[in-house]
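We name chains A, B, ... by the order of the sequence lines, and we start the count at 1 in each one.
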Number of protein chains: 2
Amino acid sequence: MQRKRTVRTVSIAEVDCAACPSAGRCWGELRLPIEGLRGRRAAVLERGEPLLRQGERTGTVYMVVNGCLILRESLTNGAQRVAGLSLPGELLGIEGYARGEHPCTAQAATEVSVCRLNLAAPGSGQASAALLERLLMKYAMQLERVAPPWAGLSAVERVVAFIENYASRAHVSRAPDGLFSLPLTRADIGSYLGLAPETVVRALGQLSGERRLSVHGRTIRLSELQPASVSPAA
Amino acid sequence: MQRKRTVRTVSIAEVDCAACPSAGRCWGELRLPIEGLRGRRAAVLERGEPLLRQGERTGTVYMVVNGCLILRESLTNGAQRVAGLSLPGELLGIEGYARGEHPCTAQAATEVSVCRLNLAAPGSGQASAALLERLLMKYAMQLERVAPPWAGLSAVERVVAFIENYASRAHVSRAPDGLFSLPLTRADIGSYLGLAPETVVRALGQLSGERRLSVHGRTIRLSELQPASVSPAA
DNA sequence: CGGCCACTTGAAAACCTTCAACCTATGTGG
DNA sequence: CCACATAGGTTGAAGGTTTTCAAGTGGCCG
């Protein structure tokens, strides 16, 4: 993004949330006491610098204090997309904490400062209930702010993505006959994917013609065929 | 959905996760011990029955044990859309726990059984750290499964929704001059919204012409005008 | 049987993307 | 200081995809 980059040395300091002027934005909406909460003001990033990289295996969780980060995701077909934004008062890195690997790269869009939270390793039982409860609530509030896996795909690929997502979440075994039932009307599928019901019908028809799946009403069988490669963007 | 409905009386029983055959699906992927976890097998719902209603003010959190629920959301313009699905092993109702109000209705798409979790009221400090940690991780893993607020909107309305979402998250004051800077390129906005960069440009131009906002480069001012009403669907 | 609902199909219209060109601001090197 | 390169932004026209509208089918249930 930038040719030259002055790698600024950053002061890392322990911060008591009770004394931090940004605490209202970080914890205030939750109407919970903040006594005892501490963060580690970990970094001030310049525009363009990454804080987390996709695939990284750290479980560090951050609270954004100032600035804006862009969440970028590399798709399996090589394309990239913007998966979301992180703004002041929002958590960053919980996915890495939960699954052990970050799903996307977080890159500073402006100058950014963040706090690293004192969250013990998963399963160690060290993290406090008070902090965990705040994290859970915080995270629940920002849930709606991430792009879905089918953003930017064509109608046919959206339907494929939806069906495969459903199949994996519903624990459908893909072998040997792999039949399963999708308990939704075409209209519901369309509403979820942002498509007209007729478009869902036509997409299923096309996929059926290409032998990527077979459809009889709401019963579906996925073929072993790979999802057709999508033309990579940029 | 169904004309008549036999409201079945449901056995509510305490369930110890350690003895429940579904526990692997509920907690298994997390590689954490499940000793001491208990749920209350709260309900078996028939197809069509709602478990939670949009706007309801309960903080109950459920784990889906079997079946499929559709999350339906009523938009401010009266339209409805499907916001997501809840499948076995997934949490339901955390938004209600966090914000005190459920953002959408959860309706059974098949016969459904759920467990109610023993989660104390927010702020009471009663919930155990172990349960909270599991909930946090569980929730982080299902984060990507919800439709974004702009799904199904036209390009212009997507851009409006994005800008308003950004403005509220970035704590932009809309008065008196309400100028703010969007630290993203048109290409980034388009990538996030699933639009071509040119389409973002044209949408901004159109909104500017309609006086719904003013744009100078990345500096934006929102007008006081309401977002134009969208034709309600069904 | 008649009504309702989900599903399907076809044709026209609306919308969005693509491609190509051009513009502007910024930064670099001569 | 100027020429040039680069990146972001803007505009027009063509083409493709999706939506809309309209009509018709089949299953289920009173």
Side-chain angles (χ1 to χ4, degrees), chain A residues 1-6 47-48 70 79-82 107 109-110 150-162 181-210 214-220 228 230-234, chain B residues 1-6 47-48 70 79 81-82 109-110 150-160 162 181-209 214-220 228 230-234:
Chain A
M1 219 99 226
Q2 277 164 316
R3 217 76 50 94
K4 281 182 184 176
R5 186 170 297 157
T6 334
R47 194 165 104 75
I70 301 186
Q80 286 213 149
R81 64 159 190 159
V82 173
Q107 182 189 39
T110 64
W150 40 259
L153 299 179
S154 72
V156 171
E157 298 307 326
R158 277 188 206 189
V159 172
V160 172
F162 168 73
S181 155
L182 207 53
L184 298 178
T185 66
R186 308 291 194 246
D188 283 335
I189 299 172
S191 169
Y192 181 54
L193 297 177
L195 298 172
E198 295 92 333
T199 308
V200 176
V201 170
R202 287 184 247 263
L204 289 172
Q206 180 179 332
L207 289 165
S208 197
E210 293 170 0
S214 46
V215 194
H216 300 305
R218 296 189 190 175
T219 302
I220 291 185
V230 182
S231 59
Chain B
M1 217 97 222
Q2 277 163 315
R3 216 80 46 99
K4 280 182 187 176
R5 188 169 296 157
T6 333
R47 194 165 104 75
I70 301 186
R81 63 160 191 157
V82 173
T110 64
W150 39 258
L153 299 179
S154 72
V156 172
E157 297 307 326
R158 277 188 206 188
V159 171
V160 172
F162 168 73
S181 155
L182 208 54
L184 298 178
T185 66
R186 307 293 195 245
D188 283 336
I189 299 172
S191 169
Y192 181 55
L193 297 178
L195 298 172
E198 295 92 333
T199 308
V200 176
V201 169
R202 286 185 247 263
L204 288 172
Q206 181 178 331
L207 289 165
S208 197
S214 46
V215 194
H216 301 304
R218 296 189 189 175
T219 301
I220 291 185
V230 183
S231 59

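- We find that CG of A:Leu182 is positioned 14 Å from C1' of C:dC7, with the value rounded to whole Å.
- Following rounding to the nearest Å, B:Leu184 (CG) and D:dA7 (C1') show an atom-to-atom distance of 16 Å.
- A straight line from CZ of B:Arg47 to C1' of C:dA6 spans 11 Å, rounded to a whole angstrom.
- Between B:Arg186 atom CZ and C:dT18 atom P there is a gap of 19 Å when expressed in whole angstrom units.
- For the pair B:Arg158 (side chain) and B:Leu153 (backbone), a donor-acceptor distance under 3.5 Å is present.
- Put simply, the side chain of B:Val156 does not reach to within 4.5 Å of the side chain of B:Arg202, judged on heavy atoms.
- The shortest non-hydrogen separation linking B:Val215 to B:Ser208 is N-OG, 4.3 Å.
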What N/O pairs connect the protein and nucleotides 11-13 of chain D at under 3.5 Å? Give each pair on its own line.
unit_1 : atom_1 : unit_2   : atom_2 : d
D:dG12 : N7     : B:Arg202 : NH1    : 3.0
D:dG12 : O6     : B:Arg202 : NH2    : 3.2

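- A donor-acceptor pair under 3.5 Å links the side-chain atoms of B:Ser191 to the main chain of A:Val82, judged by distance alone.
- In this structure, A:Gly194 reaches the sugar-phosphate backbone alone: every heavy-atom distance under 4.0 Å involves primed, P, OP1 or OP2 atoms, never a base.
- Between the side chain of A:Gln107 and the main chain of A:Gly48, a donor-acceptor pair closer than 3.5 Å is present.
- Rounded to whole Å, atom P of C:dA14 lies 18 Å from atom CD of B:Glu157.
- Taking atom CG on B:Leu204 and atom P on D:dT10, their separation rounds to 7 Å, with Å as the unit.
- Counting non-hydrogen atoms under 4.0 angstrom, A:Arg158 reaches nothing in the nucleic acid.
- Whole-Å rounding puts the B:Ile189 CD1 to D:dG8 C1' distance at 12 Å.
- The distance from atom CD of A:Gln206 to atom C1' of D:dT18 is 12 Å, rounded to the nearest whole Å.
- When the side-chain nitrogen and oxygen atoms of B:Thr199 are compared with OP1 and OP2 of C:dT17, one or more of them lie within a distance under 4.0 Å.
- Proximity of A:Thr219 to A:Leu182: side-chain heavy atoms (C-beta onward) are nowhere separated by under 4.5 Å.
- Across all their heavy atoms, A:Ala109 and B:Pro183 have their closest contact at CB-O, 3.5 Å.
- Of the candidate nucleotides D:dT18, C:dC7, C:dT17, C:dC7 has the atom nearest to the side chain of A:Thr185.
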